[in-house]
J.: 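Provided herewith is a single structure, encoded as structure tokens, for subsequent inquiry.
These numbers were taken from a predicted model, which means no experiment stands behind them.
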Amino acid sequence: MTEPTGVSARRGPLRAGQRVQIKDAKGRLNTITLLPGGEFHSYQGVLRHDDLIGGFEGVVVENSAGQPYQVLRPLLNDFVLSMPRGATVVYPKDAAQIVQQADVFPGAVVVEAGVGSGALSMSLLRAVGDHGRLHSYERRPEFADVARANVEAFFGAEHPAWSVHLGDAQEEMPKVHEPGSVDRVVLDMLAPWECLDAVAEVLAPGGVWLNYVATATQLSRVAEAIRDSGRFTQVEANETLVRGWHLDGLAVRPDHRMVAHTGFLLTARRLASGEEALRLKKRSKVSEFKAEDVEAWQPADEARWTPEALGERPVTDKKARKAAKEARLMAARSRAAEQSVDAYGGRTPTGEQD
């Protein structure tokens, strides 16, 4: 049976080209790429990469000054937060909820837009597996380059289930996918309501549409658009807050800092063609919303829906190209590490069995 994509990069001896996390006795964490003859320098001394290559993770090694370092491969959460990025990444806490709430299953056909730096793509690819399909849409070619390289660096090779499409999702989706052929749609974009008709066309009856948006104004706008269309079930929205805990003997308390709001998740399911959405009964309002209030909250002028207006920092082409260059270098090293496994028939150059 063929090994699933990325498995060999997650187990066995450490290889040149792979990334590892090293932590010192004070808890300081660094992520490095192992290179033959490479060295990690700090004021505490020098740690030689060759002392790690061919060995196993989970060990504690000493540098030239006798300072100990704990060595482990980075988990997906760690990789996402340390990889080169163009656009802001979807945080691990949100990616986990997206996979769960959208019910992404092995073999599923999933559409994603936009691809950003590839953080969410990695979680979706793990969920659909080698026999599913993930179609990612991205407007900016430089972001697509960053995402491709990051995904390849993490899995150690191109993922067979992944396709990246350049262009607007609302225009390209109906051209690429047959009506009702997509199981799940996940949108991480400025104005997801613009894709409503395209999503309704390609999504199968019962399929899940999940939107990841940063602000309450976006959340309200897309919720009302879905509700007014009558082609989806009632929308549900939530956010995930994660608070760590300090654990030290009897000193057990919440951490002073936490990962609070990063975005809202809004989900709805596609109804069968020709069916009308069930209108839930609710008590009538004492007063209706005034038109000027709605306009202030949800401006009708589409030109006002800009990243800057919603508090997003624009990413320059120069920054994106730099991130793409770093990501491609990391991907090339990761590919070389995987190819070394094939060249030695499942053994490392030191002769150890993988």
Side-chain angles (χ1 to χ4, degrees), residues 1-24 28-42 44-64 67-85 92 117-119 121-123 125-126 129-130 145-162 323-354:
M1 183 177 179
T2 305
E3 196 173 58
T5 301
V7 168
S8 61
R10 316 302 304 158
R11 59 162 67 126
L14 299 173
R15 309 181 191 99
Q18 292 186 335
R19 288 165 70 82
V20 296
Q21 285 185 330
I22 55 174
K23 180 185 289 188
D24 66 15
R28 288 180 291 239
L29 195 66
N30 286 278
T31 302
I32 62 174
T33 300
L34 296 178
L35 299 172
E39 295 178 336
F40 172 75
H41 290 256
S42 73
Q44 295 177 312
V46 178
L47 179 65
R48 298 173 61 247
H49 292 196
D50 290 339
D51 293 340
L52 307 180
I53 296 173
F56 287 87
E57 60 179 323
V59 299
V60 177
V61 297
E62 293 184 351
N63 68 2
S64 60
Q67 297 295 325
Y69 285 90
Q70 176 183 281
V71 182
L72 290 166
R73 283 188 176 96
L75 302 176
L76 176 57
N77 291 2
D78 305 316
F79 185 89
V80 163
L81 296 178
S82 65
M83 69 187 187
R85 63 181 70 175
S117 298
S121 304
M122 298 175 198
S123 293
L125 286 169
R126 274 190 163 184
D130 288 2
D145 290 342
V146 175
R148 287 192 188 99
N150 281 334
V151 169
E152 187 173 343
F154 179 74
F155 287 102
E158 294 182 0
H159 200 288
W162 198 33
K325 182 179 179 180
E326 294 173 355
R328 283 194 295 269
L329 177 60
M330 194 168 66
R333 290 169 174 170
S334 183
R335 279 199 308 273
E338 292 304 295
Q339 290 167 0
S340 71
V341 179
D342 297 335
Y344 286 90
R347 296 177 181 273
T348 66
T350 59
E352 298 183 40
Q353 182 67 40
D354 188 354

J.: With the threshold set at 4.0 Å, does a side-chain nitrogen-carboxylate oxygen contact exist between Arg10 and Glu57?
T.: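 No, no charged N to carboxylate O under 4.0 Å.
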
J.: Testing the basics here: between Ser121 and Val151, what is the closest heavy-atom pair and its distance to 0.1 Å?
T.: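 Between these two residues, the closest heavy atoms are CB-CG2, 4.3 Å.
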
J.: Can you tell whether the side chains of Arg48 and Glu39 come within less than 4.0 Å, N to carboxylate O?
T.: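 So Arg48 does not pair with Glu39 through a salt bridge.
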
J.: side-chain hydrogen bond (donor to acceptor under 3.5 Å, both in side chains), that's the test. Do Gln21 and Arg73 meet it? Break it down for me.
T.: CA-CA 6 Å; Gln21 285 185 330; Arg73 283 188 176 96; over 6 Å; no

J.: Does any N or O in the side chain of Ser334 come within less than 3.5 Å of the main-chain N or O of Met330, such that one atom is a donor and the other an acceptor?
T.: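 Judged by distance alone, no pair lies under 3.5 Å.
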
J.: Show me the pairs that pass salt bridge (Lys or Arg N to Asp or Glu O under 4.0 Å) and involve residues 146-162, at least two apart or across chains.
T.: Asp145-Arg148, Glu152-Arg335

J.: Quick one: which of Leu52, Val71, Asp50 gives a side-chain contact (heavy atoms from CB on, under 4.5 Å) with Leu34?
T.: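 So the option named by the test is Leu52.
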
J.: Restricting to non-hydrogen atoms, name the atom on Ala323 and the atom on Pro84 that form the minimum distance, rounded to 0.1 Å.
T.: O-CB, 3.4 Å

J.: Can you find a pair of side-chain heavy atoms, one from Tyr69 and one from Glu62, that are under 4.5 Å apart?
T.: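 Not touching, per the 4.5 Å side-chain cut-off.
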
J.: Quick check: closest heavy atoms across Met83 and Val80, and the distance to 0.1 Å?
T.: CG-O, 3.5 Å

J.: Please report the shortest heavy-atom distance between Pro74 and Phe79, naming the atom on each side.
T.: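 Heavy atoms of Pro74 and Phe79 come nearest at CB-N, 4.3 Å.
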
J.: Are any of the side-chain heavy atoms of Val46 and Phe40 separated by less than 4.5 Å?
T.: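 In short, these two side chains do not touch, never coming nearer than 4.5 Å.
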
J.: Measuring from atom CD1 of Ile22 to atom OG1 of Thr31, what distance do you get when rounded to the nearest 0.5 angstrom?
T.: 8.5 Å

J.: Taking His49 for its side chain and Pro36 for its backbone only, find out whether a donor-acceptor pair lies under 3.5 Å.
T.: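 Judged by distance alone, no pair lies under 3.5 Å.
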
J.: Taking Gln44's backbone N and O only, do any of them form a donor-acceptor pair with Ser42's side chain (distance below 3.5 Å, no angle check)?
T.: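 Side chain of Ser42 to backbone of Gln44: a pair is present.
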
J.: Can you check whether Leu76 reaches Pro92 side chain to side chain, under 4.5 Å on heavy atoms?
T.: no

J.: Could you point out which residue of Val59, Val20, Leu72, Ile53 forms a side-chain contact (heavy atoms from CB on, under 4.5 Å) with Leu14?
T.: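 Output: one option passes, namely Val20.
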
J.: Distance check, rounded to the nearest 0.5 Å: Thr33 atom OG1 versus Arg333 atom CZ?
T.: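 Here the interatomic distance stands at 5.5 Å.
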
J.: I need the Arg19 CZ to Phe154 CZ distance, nearest 0.5 Å.
T.: 11.5 Å

J.: Treating Asp130 as the side-chain partner and Thr5 as the backbone partner, does any N or O pair qualify as donor plus acceptor under 3.5 Å?
T.: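 Present.
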
J.: With rounding to the nearest 0.5 Å, note down the distance linking CZ in Arg85 to CG in Asn150.
T.: 9.5 Å

J.: For the residue pair Asp24 and Pro68, establish whether any side-chain heavy-atom pair is separated by less than 4.5 Å.
T.: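 Counting from C-beta outward, Asp24 and Pro68 never come under 4.5 Å.
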
J.: Measure the spacing between OG of Ser8 and CD of Gln18 and express it to the nearest 0.5 Å.
T.: 8.0 Å

J.: Of all the heavy-atom pairs spanning Ala161 and Gly129, show the shortest one and how long it is.
T.: CB-O, 3.4 Å

